[in-house]
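Working notes, beginning with the structure itself.
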Amino acid sequence: MSKRPLILVINDDGITAPGIRTLISVMNTIGDVVVVAPDSPQSAMGHAITINSTLHVEKVKIDDGPQTEYSCSGTPADCVKLAVREVLDRKPDLCVSGINHGSNSSINVIYSGTMSAALEAGIENIPAIGFSLLDYNWSANFEHSKTFVKTIALNVLKNGLPKDVVLNVNIPNTEKKDIRGIKICRQARANWEEEFDKRTNPMGRDYYWLTGKFVNMDNGEDTDEWALKNNYISVVPVQFDLTAHHAIQQLNSWDFD
């Protein structure tokens, strides 16, 4: 590119989270960075948007660096919408979301605010990537992810992405020397077997904590779960067209008269 690309940085863990601070530092080496991120954690918000209350955007400075930063009272998807419509003076060349604290592989992509931000950018025809590290700790070490994040981002800037496709990138929680490479994958068929931990508060009112375990039902060696288990970085191309195209012919055979 003849000039430095404009890069929009989003996340769902909040603008002060270590993951997004790492992502900002990497993107600063590639282009001109504008951050629009939630002012508080918005994990598992999915593609929620704010329609019944006001939104606020405030210019802030969290740490040193050339980036321009804004904190937003809304969801990750709100952040993209506001960035494109109100904050930026032109469409960004790339949107990166994350680095998320925790996995967004397999079915987790449905619930992920990180990936919903990337998908919202894709809807706006902006090449987009969601990055996640398989470590839920606030103090997670993101250092080993930097080289791979930069490599993937540069490839997207150089090669572009297929129309209406964004990338879901998950990084194993392991030492850099143990990462075996980057693998293009499909989403594993898996789900959460959920339970609710029922308790009673001092006033006698019942309340619930959502719990459960992740169950991978897919034995394929071409999936994101297999790649991550075997210390590969998984890259899954995802789309926001949820049409089950393979089912259209069958449904057209039904008698609706």
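Using a 4.5 Å heavy-atom cutoff, the side chains of Glu175 and His144 are not in contact. Annotation: side chain of Asp12 is in contact with side chain of Ser43 (closest heavy-atom distance under 4.5 Å). At least one side-chain heavy atom of Ile171 sits under 4.5 Å from a side-chain heavy atom of Val149. Residues Ile7 and Val34 are not in side-chain contact: their nearest non-hydrogen atoms beyond the backbone lie 4.5 Å or more apart.
His246 meets the side chain to side chain donor-acceptor pair (under 3.5 Å) test with no other residue; sequence neighbours excluded. Scored by the side-chain contact (heavy atoms from CB on, under 4.5 Å) test, Lys198 finds Asp206, Tyr208 as partners (sequence neighbours excluded). A search for side chain to side chain donor-acceptor pair (under 3.5 Å) contacts involving Glu143 returns Lys146, not counting sequence neighbours. Remark: Asp197 pairs with Arg199, Trp209, Thr211 by the side-chain contact (heavy atoms from CB on, under 4.5 Å) rule, at least two apart or across chains.
Under 4.0 Å is where a charged nitrogen must lie from a carboxylate oxygen, and between Arg21 and Glu69 at least one such pair does. Classification of Lys183 and Asp222 as a salt-bridged pair fails, no side-chain N sitting under 4.0 Å from a carboxylate O. Taking a cutoff of 4.0 Å between a charged side-chain nitrogen and a carboxylate oxygen, Arg85 and Glu124 qualify as a salt bridge.
Under the side-chain hydrogen bond (donor to acceptor under 3.5 Å, both in side chains) test applied with Glu225, the options Ser234, Ser106, Ser105 reduce to a single match, Ser105.
The other residues sharing a hydrophobic cluster with Val166 are Ile107, Val109, Ile110, Tyr111, Met115, Leu119, Ile123, Trp192, Phe214, Val236, Val238, Phe240, where clustering joins ILVMFWY side chains under 4.5 Å apart.
Cluster membership check: Leu228 does not share its hydrophobic cluster with Phe142, using side-chain heavy-atom separations under 4.5 Å among Ile, Leu, Val, Met, Phe, Trp and Tyr. Hydrophobic clustering, with ILVMFWY side chains joined whenever heavy atoms are under 4.5 angstrom apart, groups Val84 together with Leu55. Residues Leu167 and Trp226 fall into different hydrophobic clusters, defined by Ile, Leu, Val, Met, Phe, Trp and Tyr side chains chained together at heavy-atom separations under 4.5 Å. A chain of hydrophobic side-chain contacts below 4.5 Å, direct or via other Ile, Leu, Val, Met, Phe, Trp or Tyr residues, connects Ile182 to Leu161.
For residues 34-82, no pair satisfies ring-ring contact (aromatic ring centres under 6.0 Å, His included), with sequence neighbours left out.
Annotation for Ala118 and Ser97: closest pair N-CB, 4.3 Å, computed over non-hydrogen atoms. The nearest pair of heavy atoms linking Ala188 to Thr223 is CB-CB, 3.7 Å. Closest approach of Pro172 and Asn170 over heavy atoms only: CD-O, 4.1 Å.
At distances below 3.5 Å, not a single donor-acceptor pair connects side-chain atoms of Asn137 with backbone N or O atoms of Ala140. A donor-acceptor contact shorter than 3.5 Å is absent between the side chain of His101 and the backbone of Leu133.
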